[in-house]
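All values reported here derive from a predicted model rather than from experimental measurement. For the single chain, residues carry numbers from 1 onward in sequence order.
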Amino acid sequence: REPAKAIERHLSELKRVVPGIQGVYVNPKDASIVLDVYIPVADAGTLENHRLAAERLLGHPVRINRLASQIVQQPAAEETR
């Protein structure tokens with residue numbers, strides 16, 4: 001399975017298994033799946049548990065980037081006029 005297809009197939013479940021996901025992409029250098037996750041306060045154990053759960057679900061190596069704040073989507077410039 002390709003990583004991008006695994007993400008597409010399991011995205012809903014991934015969001016349940018790893019709460020706070022703000023972004024998901026495939027690292028082109030090593031084909032690992034990268035999760036940008038909002039976790040206000042987390043210990044290394046929490047991050048590792050999320051990573052392992054995501055790897056089991058997706059069947060590919062996963063890396064988690066912890067975000068200290070949530071990403072807020074801004075309206076496009078055209079929408080603000």
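- Linking ILVMFWY residues whenever their side-chain heavy atoms come closer than 4.5 Å, directly or via other members, leaves Ile64 and Tyr25 in distinct clusters.
- Of all non-hydrogen atoms in Ala53 and Val17, the two that sit nearest each other are CB-CG1, 3.2 Å.
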Determine, step by step, whether Ile39 and His50 satisfy the side-chain contact (heavy atoms from CB on, under 4.5 Å) criterion, reporting the C-alpha distance in whole Å, the side-chain angles of both residues, the deciding distance to 0.1 Å, and the verdict.
CA-CA 11 Å; Ile39 304 174; His50 286 329; 4.0 Å; yes
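- Looking at every heavy atom in both residues, His60 comes nearest to Glu55 through O-CG, 3.3 Å.
- Proximity of a side-chain donor or acceptor of Gln22 to a complementary backbone N or O of Asp36 within less than 3.5 Å is not detected.
- Among all heavy-atom pairs drawn from Ala54 and Val18, the shortest one is CB-CG2, 4.1 Å.
- Within the 4.5 Å cutoff, the side chain of Leu14 has heavy atoms near those of the Leu35 side chain.
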Evaluate the side-chain contact (heavy atoms from CB on, under 4.5 Å) criterion for residues Arg51 and Glu48: first the C-alpha distance (whole Å), next the side-chain angles of each, then the deciding distance (0.1 Å), finally the verdict.
CA-CA 5 Å; Arg51 187 187 69 75; Glu48 182 65 6; 2.6 Å; yes
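- With salt bridges taken as basic N to acidic carboxylate O contacts below 4.0 Å, one links Glu13 and Arg16.
- Heavy atoms only, all atoms of each residue included: Pro3 and Ala31 are closest at CG-O, 3.3 Å.
- In the hydrophobic cluster analysis, where Ile, Leu, Val, Met, Phe, Trp and Tyr join through side-chain heavy atoms closer than 4.5 angstrom, Leu11 is grouped apart from Val34.
- Between Leu57 atom CG and Leu52 atom CG the span is 12.5 Å, to the nearest 0.5 Å.
- A single hydrophobic cluster is seen to contain both Val37 and Leu47, as judged by linkage of ILVMFWY side chains at heavy-atom distances under 4.5 Å, directly or through other members.
- Residues Ile21 and Tyr38 fall into different hydrophobic clusters, defined by Ile, Leu, Val, Met, Phe, Trp and Tyr side chains chained together at heavy-atom separations under 4.5 Å.
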